[in-house]
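Everything on this sheet refers to the single structure shown next.
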Amino acid sequence: MAEPGGGTPVTVSDVQQLVRRKDEIEAQIKACYELLEGQKGVGMHEPLVDAEGFPRADIDLYQVRTARHNIICLQNDHKAVMKQVEEALHKLHAREKEKHARDEAEALAEAMSQRQSLPQAFAKVNAVTPGSPASVSGLQVDDEIVEFGSVNANNFQNLQNIATVVQHSEGRPLSVTVIRGGRRMHVGLTPKRWSGKGLLG
């Protein structure tokens, strides 16, 4: 495993490994404390000599000294591992943030290039009556119309062009191309009589 601070990127499994190491150290510290507890409750600081200055006979001095020494070493290891966990998490978050920013930049660049390659719209839908042929076809308010049957930005003069196409296409499906939310979409629209005004609504 690469040490946090090395050249290789930190992964989630690196962090999990460090956390496992931390848990192991904590378990070892706990075991050492329990051993001290078992030796007449001598902790880290109780004297190991009696009132006359002789080594205490009621405890296993070697075990107590070893446990105390191990606790000190393990606590230092624990501190070091905690620092590594912290650094690894920081790196992980920084990388996530970087990746997120990169993804956003790519999405933006893609949207921009799509915008540039989108055809020129010549009209915009400002109202769609519910239940009308336009509504049934899926046209939406703010759709920018790029092609309406044979009408496009190159031959469009005024809305009369669309009205003419609609009258000649009553009952026949028309291909309508719109730009919606920065994307090009095709809508199949069949002009026909309905309960409202006109053939589209």
Side-chain angles (χ1 to χ4, degrees), residues 1-20 22 82 84-201:
M1 178 187 92
E3 285 288 288
T8 44
V10 177
T11 64
V12 174
S13 68
D14 289 344
V15 176
Q16 286 168 340
Q17 220 169 320
L18 285 170
V19 170
R20 273 198 296 277
K22 171 189 85 77
M82 288 304 285
Q84 286 183 338
V85 169
E86 202 179 315
E87 281 174 12
L89 285 172
H90 276 310
K91 286 189 181 173
L92 212 55
H93 288 310
R95 210 172 71 238
E96 281 302 312
K97 227 154 135 185
E98 230 171 76
K99 184 179 176 302
H100 184 66
R102 226 181 11 252
D103 289 350
E104 271 191 350
E106 278 169 21
L108 194 66
E110 196 181 319
M112 293 297 279
S113 70
Q114 263 193 341
R115 250 291 169 221
Q116 281 152 9
S117 63
L118 286 173
Q120 182 69 38
F122 61 83
K124 191 173 188 174
V125 178
N126 57 13
V128 177
T129 314
S132 66
S135 164
V136 170
S137 77
L139 263 186
Q140 293 179 9
V141 172
D142 286 339
D143 279 353
E144 296 176 56
I145 299 173
V146 176
E147 281 174 10
F148 194 99
S150 57
V151 181
N152 58 37
N154 300 328
N155 61 17
F156 173 79
Q157 279 130 12
N158 54 39
L159 287 175
Q160 190 52 49
N161 301 137
I162 290 181
T164 309
V165 171
V166 168
Q167 276 150 10
H168 288 130
S169 308
E170 187 177 341
R172 289 205 306 271
L174 269 177
S175 172
V176 179
T177 306
V178 300
I179 296 170
R180 179 182 302 161
R183 294 184 179 280
R184 184 182 182 150
M185 300 182 80
H186 294 283
V187 177
L189 175 58
T190 306
K192 56 175 173 250
R193 308 210 170 272
W194 62 293
S195 56
K197 289 206 311 242
L199 298 174
L200 289 182

### Query
Taking side chain as C-beta onward, heavy atoms only, is L89 less than 4.5 Å from V15?
yes
### Heavy atoms from other residues, nucleotides or ligands near CD of E106 exceed 12 (cutoff 6.0 Å)
yes
### Query
Are N161 and N155 side-chain neighbours, meaning at least one heavy-atom pair lies under 4.5 Å?
no
### Message
Is there a side-chain contact (heavy atoms from CB on, under 4.5 Å) between E147 and V151? Walk through the geometry before answering.
### Response
CA-CA 6 Å; E147 281 174 10; V151 181; over 6 Å; no
### Query
Considering only heavy atoms from C-beta outward, does the side chain of D142 approach that of V125 to under 4.5 Å?
no
## Note on the structure
Distance col, row E170:CD vs T190:OG1, nearest 0.5 angstrom, shows 11.0 Å
### Query
If you round to the nearest 0.5 Å, how far is CG of D103 from NZ of K99?
4.0 Å
### Message
Using 0.5 Å steps for rounding, measure from the CD1 atom of I145 to the CD1 atom of I162.
### Response
5.0 Å
### Atom pair CD/CZ of E98 and R102 - distance to nearest 0.5 Å
6.0 Å
#### Entry: Check: V178 and L139 side chains under 4.5 Å, non-hydrogen atoms
yes
### Query
Would you say the side chain of K124 lies within less than 4.5 Å of the side chain of D143, judging by non-hydrogen atoms?
no
### Task
Provide the closest heavy-atom pair for S150 versus V165 in the form atom of the first, atom of the second, distance.
OG-CG2, 3.9 Å
### Task
Look only at the side chain of R180 and the backbone of E144, and say whether a donor-acceptor pair between them is shorter than 3.5 Å.
no
### Summary
Heavy-atom nearest pair, G188 first then S137, reads O-CB, 3.3 Å
### Task
Answer yes or no: is there a side-chain heavy-atom contact under 4.5 Å between K22 and L18?
no
### Gap between atom CD of Q84 and atom CD of E87 - 0.5 Å precision
7.0 Å
#### Entry: Side-chain donor/acceptor of H168 to backbone N/O of T164, under 3.5 Å
yes
### Message
For the backbone of F122 and the side chain of N152, can you confirm whether one donor and one acceptor N or O come within less than 3.5 Å of each other?
### Response
no
#### Entry: T177 side chain reached by F148 side chain, heavy atoms, under 4.5 Å
no
### Query
Between the main-chain N or O of D14 and the side-chain N or O of T11, is there a donor-acceptor pair closer than 3.5 Å?
yes
#### Entry: Residues, nucleotides or ligands: over 12 heavy atoms within 6.0 Å of Q140 CD
yes
### Query
With no hydrogens and no angle check, is any side-chain donor or acceptor of T129 less than 3.5 Å from a backbone partner on S132?
no
### Within-4.5 Å side-chain heavy-atom neighbours: P191 and P133
no
